[in-house]
Protein chains: 2
Amino acid sequence: MPDSLRRFKADIFQALAHPTRIAIMELLEGRELSAGELMEKLRMEQANISQHLAVLRAKQLVVNRKAGNQVFYSVRDPIISKVLALMRRYFQKHLKDTMELLEEMHDSVIPPER
Amino acid sequence: MPDSLRRFKADIFQALAHPTRIAIMELLEGRELSAGELMEKLRMEQANISQHLAVLRAKQLVVNRKAGNQVFYSVRDPIISKVLALMRRYFQKHLKDTMELLEEMHDSVIPPER
DNA sequence: TGCGAATATTCGACCCTTCGCATATAGTAT
DNA sequence: ATACTATATGCGAAGGGTCGAATATTCGCA
């Protein structure tokens, strides 16, 4: 496989390599949401969400549809959703190790989420 | 889904988000290779391969087995190979768009590979 | 046309990753 | 022990990603 293709594939993973973008992709599984709805569900700054959407758009992981004042996003190809689903299986399978790793990683105490 | 888990999942993608590491994972599909064999197949510096292996090890995408003088690597869970396989399907499906994107991305001329 | 709402883009600071180089560790053999 | 091979780790420089704040664009409506 030529390196240019591998670089491209790496870029796709790179696009998925951010918690917010994963959250966006998971929220978009099977349905369409506007940028505003995403912003509200994720409780993040408008500009920030928009930047992450720009990344996902640039790598063509999502497509957008303008409807009046709003822009609706959806996942471009269900294969990507399958990838995310596989990842969920992977995490369930290795949940114990995952937790241990998590603790090592932020090696002291994980602040409680609220 | 808690954000800590999503961060962890993002880290997995991050680990895959490099052409060299994708190459390593693909070479390891279904078989075991030593660090030296990987280095030779990929024609990269020893230290560099070793650093990439360290990343893959840290995220537990590969496991290693010491045998005398050498260290053999293999993929920890075939689910990850499935993810890579899905990605290959995705690329075949969108090959035309992929190529166009590639040209936009290094938007002038792509230096010939040798 | 002008205004307000929804979304996008730009900018600068900070941080993290990657590379090459140098060095360290682990194992084998003599 | 010494020497040699295989692999790993530490370090600094360069590059790229992420964030918040400010600004720009696009659309609908009066």
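A note on names: the letters A, B, ... follow the listed sequences, proteins ahead of strands, and every chain is numbered from 1. Worth knowing before you read on, the calculation uses all heavy atoms, side chains too, and leaves out hydrogens, waters and symmetry mates.
Contact check, A:His52 against D:dC19: a side-chain N or O comes under 4.0 Å of OP1 or OP2. Dashed line: the shortest gap from a side-chain N or O of B:Arg57 to OP1 or OP2 of D:dT7 is not under 4.0 Å. The shortest distance between the side-chain N/O atoms of A:Asn48 and the OP1/OP2 oxygens of D:dC19 is below 4.0 Å. Distances shorter than 4.0 Å separate none of the side-chain N or O atoms of B:Tyr73 from OP1 or OP2 on D:dA6.
Comment: A:Glu26 engages B:Lys9 in a salt bridge, judged by a side-chain N to carboxylate O separation of less than 4.0 angstrom. Between A:Glu29 and A:Arg88 there is a salt bridge, since at least one side-chain N of the basic residue sits less than 4.0 Å from a carboxylate O of the acidic one.
Going from atom CG of B:Asn69 over to atom P of D:dA3 covers 17 Å, rounded to whole Å. Rounded to whole Å, the distance from CG on B:Leu38 to C1' on D:dA8 is 15 Å. Per the geometry, CG belonging to A:Leu42 stands 13 Å off P belonging to D:dG20, to the nearest Å. For B:Phe72 and D:dT7, the CZ to C1' distance is 12 Å, given to the nearest whole Å. Remark: P of C:dT18 and CG of A:Asp11 are 13 Å apart, rounded to the nearest angstrom. To the nearest angstrom, C1' of D:dT7 lies 14 Å from CD of B:Glu45. Distance, B:Leu53 CG to C:dC19 C1': 15 Å, rounded to whole Å. Rounded to whole angstrom, the span from the CG atom of A:Asn64 across to the P atom of D:dT26 amounts to 14 Å.
The aromatic rings of B:Phe91 and A:Phe8 stand perpendicular to each other, their planes meeting at an angle above 60°, with 30° marking the opposite boundary.
Residues A:Gln14 and A:Arg21 approach most closely at O-NH2, 3.2 Å, considering heavy atoms.
Of the candidates C:dC19, D:dC19, C:dA6, the closest approach to any side-chain atom of A:Gln70 belongs to C:dA6.
Between A:His18 and A:Gly68, the residue anchored closer to the 5' end of DNA chain D is A:His18, taking for each the nucleotide with the nearest heavy atom. Comparing A:Gln14 and B:Val71 by the nucleotide of DNA chain D whose heavy atom lies nearest to each, the residue mapping closer to the 5' end is B:Val71.
Counting atom types as modelled, B:Gln46 pairs a side-chain N or O with a base atom of D:dA8 as donor and acceptor under 3.5 Å.
Side chains of B:Arg65 and B:Tyr73: a donor-acceptor N/O pair is absent below 3.5 angstrom, by distance only.
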